[in-house]
Amino acid sequence: MRRATLTASALTVLAALGAAGAAPAAVPVPGAGEAVVTVRTGGDRTGAQSVGPLAGVRLGLFAESEDTAPVDPGWGVCVSDAAGDCSFTVPDTGPGGTNAGRELTVRQLDGGVPAGWFTNPALRTGPGSGSGSAASPYAFRTPALAAGNTYRSTADFMISNDYKNLPTASGGVWQDSRNNPPLPVHCGLDVALVLDLSASVGGELPFLKAAADRFADALTGTPSRLAVFSFDQASPATSVGANHPELHPVSTPAGAAEFKSLYAGWTLGKGTNWDTALWSVAQAAPTYDAVVVLTDGNPTRFADDKQGDGSNTHFRDVENGIFSANSVKAKGSRLIALGVGKGVEGVSGLNLRALSGPTAYADGGDLTAADYFQTKDFATAGQQLHDLALSHCDNSVTVVKQLVPAGTTGEDTTGAVNAPAGWTFTATGRTPGVGGLPEERTTTDDGTGSVVFQPELGELPSAALNISELQHEGYELVTKGGKNAVCVNLDTGQSVDVSDTGSADRPGFALDLPRLAAISCTVYNRPVAAADLTVDKTWRIDGTTHPEGSQPAGFTATASLTGPGGAAASPQPWGSARAGYRIGDRATVDEDTQLADPSCRLTERRITALNGAPVDLPLGSTLTLDSAHTRAEVTNTVECDHRSPSPSPSPSPSPSPAPSSPAPVPPGGGHLAATGGSGTALLPAAGAALLAGLALLAVRARSARRRRDGD
């Protein structure tokens, strides 16, 4: 096997790749007549160009690559230590020794991995286009052995950067793959999509996006969240501004549309770098239930500085992808490799397997058990993603809680958003034999506003369920089409009939759940928006305007308002706000009026202003309170008749009155008021004053005559 000469820069990179968290254990020093062969083993990526050690890897030295047993059961076998060093001490390598000048093959023993890992005995190499694929055994020939020498995989054999001539060029760190974690067994997933934007995708780019869209649509209506990454020779792809590692809720169509818009404008770059794509995922803050790699070709680049030739797939391109995939799986994420098209058919499955796990998907098989897929086109891939998304949603009812803005009224849900944590729903069964109920679930802060119920139907054809919510103070249920919930069958897309149940503080709905179906229901609530109503009063009497409180005595009126809460009309002080209404409520404005003066009459009573704007509405109109504070003004128009009574016929002359003492001066400066028998005034004040003046003159004349007579 040919081995290329290494450059100084390549050796520097390899030193970084071999770096481990723990200090390397001492590699054995060859004794007399001995040579040492040591292989560095790697597990999880720890940095953009560094890999942590993997202890417990068992390797063997074989005389020929096809041999089934090591050259020696003792010195021909090694087990890697905590530093990731697997070392063979080969005897008889001195001059004339049995092993002097011997070249041996390093290969992994069957099952030679620690618990939780699996081996990759062969990897696919060849052009990145997928043509000329080869299943290359993962085995390496040592140099000719000579006593006193130590031969290292990271410097003397295995490692190579001869990308032009050596498809099996390796990075010198032995790869093994972590077992793939299982998918969570519940409806609703947190998933990262990793999309290949290499140039080879070409005209299939719209179909790649459509497959991703189909996955997002399938998860809509479940408590799911999605992130999206891109890659070509780098990640994000050189044609894309940024990855989106943050999780976006897709529990509603609006949320799914927002997520799909993140990649709608992405364009193609060049090259394929599985390593950097998966390392980007591993570094992301969220932990994903699943990571789905959607690719049309094998890797031709690795590392964050685009190493590799960009045209062909070598061991080294795949090895580094494996190390990054291991770091993703180390976080508990299931890695699903979805190869699409001719570029990843056939033996390319070896590399998809190495990223994810050993189980290939077979048509009609268990989607949740498959680690990797080899699919003919993106349309098929989209369907497989759809089916995978709903694979754990059998016999489920997802309830998505949405909060409607306070400014809306009636059944308008424009601007609704997912509810935060703290909204509690309870499911009960009405069909005998249904297990797992009653059950109570509460929304969390995951942003989906959703809870899921998955009753146990067994062999029952369906289950009749009641689902209710605990209403929050300050909120009210918003119906749609008169129903407490809107439900859809996620498998068929058809509406599901519901009937309303419950009470104001425990509203709910009833529905039938067919066996194996996945149903999603949306329930809307609106915060109760407080409103109040104030009514002002104005009097217009004989053309003069008087605000309430400054009108002449004898003119009184009392306002009456209906509500809040459907209450009957009751008195309300003028200028004082009546609280307790909600925005959108209606209230009737009326009054009771009293006029003490029978000569005055009401000619008009109108509502003349509303929130400062002139209006002309009849008293008794019903107003809609469409803001937090509503102010109305009622104006009464009054006309009075103040004409004097008709004059009486002149009385017959009478004798002059006998002299008498001066009349006492009445209160008010001596002005006399004419009154009727009832004591009510008959003359205006000016007429009474005139009579009082005439009486005073008569008294003064009599006094003067008496003074003259006495003289």
Side-chain angles (χ1 to χ4, degrees), residues 1 3 17-18 20 27 36-45 51-90 103-125 134-143 145 151-154 156-160 166-180 314-323 325-326 329 347 349-359 371:
M1 180 176 289
R3 178 168 58 87
L17 285 170
V27 173
V36 171
V37 175
T38 186
V39 178
R40 178 64 55 81
T41 61
D44 302 329
R45 180 167 296 293
V51 178
L54 181 60
V57 174
R58 299 183 297 280
L59 305 177
L61 286 176
F62 296 83
E64 301 296 335
S65 58
E66 298 83 7
D67 289 352
T68 58
V71 66
D72 186 273
W75 59 261
V77 174
C78 75
V79 180
S80 63
D81 58 22
D85 291 319
C86 197
S87 301
F88 306 92
T89 300
V90 184
E103 295 182 7
L104 301 173
T105 296
V106 180
R107 200 176 74 224
Q108 194 152 14
L109 299 177
D110 291 343
V113 284
W117 297 75
F118 65 91
T119 64
N120 299 297
L123 296 174
R124 183 267 179 193
T125 59
S136 299
Y138 198 72
F140 302 91
R141 200 75 169 166
T142 68
L145 302 179
Y151 302 94
R152 300 177 183 273
S153 66
T154 55
D156 304 300
F157 73 103
M158 188 174 170
I159 187 170
S160 176
L166 191 61
T168 57
S170 167
V173 179
W174 198 277
Q175 55 74 29
D176 283 302
S177 298
R178 275 189 179 272
N179 288 349
N180 213 2
H314 311 82
F315 278 171
R316 200 162 178 181
D317 303 301
V318 184
E319 288 168 347
N320 284 284
I322 292 170
F323 297 138
N326 288 343
K329 291 186 280 187
V347 297
L350 293 171
N351 293 347
L352 298 173
R353 171 191 183 279
L355 281 190
S356 55
T359 304
D371 297 302

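Values below: every heavy atom of this structure, side chains too, minus hydrogens, waters and symmetry copies. As the structure is a prediction and not an experimental result, all values here were calculated from the model.
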Chemist: Among residues at least two apart in sequence or on other chains, which ones pass side chain to side chain donor-acceptor pair (under 3.5 Å) with Asn326?
Modeler: none
Chemist: Please table the atom pairs, donor to acceptor, closer than 3.5 Å between any side-chain atom in residues 54-65 and protein atoms at least two apart or in another chain.
Modeler:
residue : atom : partner : partner atom : Å
Arg58   : NH2  : Gly111  : O            : 2.3

Chemist: So which atom in Ala354 and which in Leu123 form the shortest heavy-atom distance, rounded to 0.1 Å?
Modeler: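 Smallest interatomic distance, heavy atoms only, reads CB-CD2, 3.9 Å.
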Chemist: Give a yes or no on whether the backbone of Ala83 and the side-chain of Asp81 come within a donor-acceptor separation of less than 3.5 Å.
Modeler: yes
Chemist: What distance separates Leu109 CG from Thr119 OG1, expressed to the nearest 0.5 Å?
Modeler: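 The CG atom of Leu109 sits 10.0 Å away from the OG1 atom of Thr119.
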Chemist: Could you tell me the separation between the SG atom of Cys78 and the CG atom of Asp85, rounded to the nearest 0.5 Å?
Modeler: 9.5 Å
Chemist: State the CZ-OG distance between Phe323 and Ser177, to the nearest 0.5 angstrom.
Modeler: 9.0 Å
Chemist: If you measure from CG on Asn351 to CG on Asn120, what distance do you get to the nearest 0.5 Å?
Modeler: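 One gets 8.5 Å once the value is rounded to the nearest 0.5 Å.
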Chemist: Tell me, please, which residues at least two apart from Phe315 pass ring pair (Phe, Tyr, Trp, His ring centres under 6.0 Å).
Modeler: Tyr138, Phe140
Chemist: Which pairs with one or both residues in residues 106-115 pass side-chain hydrogen bond (donor to acceptor under 3.5 Å, both in side chains), sequence neighbours excluded?
Modeler: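 Listed by first then second residue: Gln108-Trp174, Gln108-Asp176.
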Chemist: Sub-3.5 Å donor-acceptor pair from the side chain of Lys329 to the main-chain atoms of Asn179, do we have one?
Modeler: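 Absent.
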Chemist: Report the C-alpha separation of Ser153 and Arg40 in whole Å, then their side-chain angles, then the decisive distance to 0.1 Å, and conclude whether the side-chain hydrogen bond (donor to acceptor under 3.5 Å, both in side chains) test is met.
Modeler: CA-CA 6 Å; Ser153 66; Arg40 178 64 55 81; over 6 Å; no
Chemist: Which value, rounded to the nearest 0.5 Å, describes the distance between Thr168 atom OG1 and Met158 atom CE?
Modeler: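 Between atom OG1 of Thr168 and atom CE of Met158 there are 10.0 Å.
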Chemist: Examine the side chains of Ser136 and Thr125 and answer whether a donor and an acceptor come within less than 3.5 Å of each other.
Modeler: yes
Chemist: Grab the two heavy atoms, one from Gly357 and one from Phe118, that are nearest each other, plus how far apart they are.
Modeler: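 Nearest pair, atom of Gly357 first, then Phe118: CA-CZ, 3.6 Å.
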Chemist: Can you tell which of Val90, Asp156, Val37, Thr105 makes a side-chain contact (heavy atoms from CB on, under 4.5 Å) with Thr142?
Modeler: Val37
Chemist: Among Gln175, Glu319, Arg316, which one satisfies side-chain hydrogen bond (donor to acceptor under 3.5 Å, both in side chains) with Ser170?
Modeler: Glu319
Chemist: What are the two closest non-hydrogen atoms of Pro70 and Val77, and how far apart are they?
Modeler: CG-CG2, 4.0 Å
Chemist: Just by distance, do the side chain of Asp72 and the backbone of Gly74 share a donor-acceptor pair under 3.5 Å?
Modeler: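 Present.
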Chemist: By side chain to side chain donor-acceptor pair (under 3.5 Å), which residues pair with Asp44, not counting sequence neighbours?
Modeler: Arg178
Chemist: Indicate the atoms forming the closest heavy-atom contact of Ala135 with Val347, along with that distance.
Modeler: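 Smallest heavy-atom distance, with atoms named: CB-CG1, 4.3 Å.
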Chemist: Can you confirm whether Arg353 is buried at CZ, in the sense that more than 12 heavy atoms of other residues, nucleotides or ligands lie under 6.0 Å from that atom?
Modeler: yes
Chemist: May I ask you to decide if Arg152's main-chain N or O and Thr38's side chain share a donor-acceptor pair within less than 3.5 Å?
Modeler: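 Side chain of Thr38 to backbone of Arg152: no pair is present.
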Chemist: Can you tell me how far CG of Asp371 sits from CG of Asn180, rounded to the nearest 0.5 angstrom?
Modeler: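 It comes to 4.5 Å.
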Chemist: Using side chain to side chain contact (heavy atoms under 4.5 Å, CB included), reason through Leu145 and Phe88 one step at a time and then give a plain yes or no.
Modeler: CA-CA 12 Å; Leu145 302 179; Phe88 306 92; over 6 Å; no
Chemist: What residues form a side-chain contact (heavy atoms from CB on, under 4.5 Å) with Asp317, not counting sequence neighbours?
Modeler: Pro299, Phe302, His314
Chemist: Closest approach of Trp117 and Gly43, non-hydrogen atoms and distance?
Modeler: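 Shortest heavy-atom separation between Trp117 and Gly43 comes out as CH2-CA, 3.6 Å.
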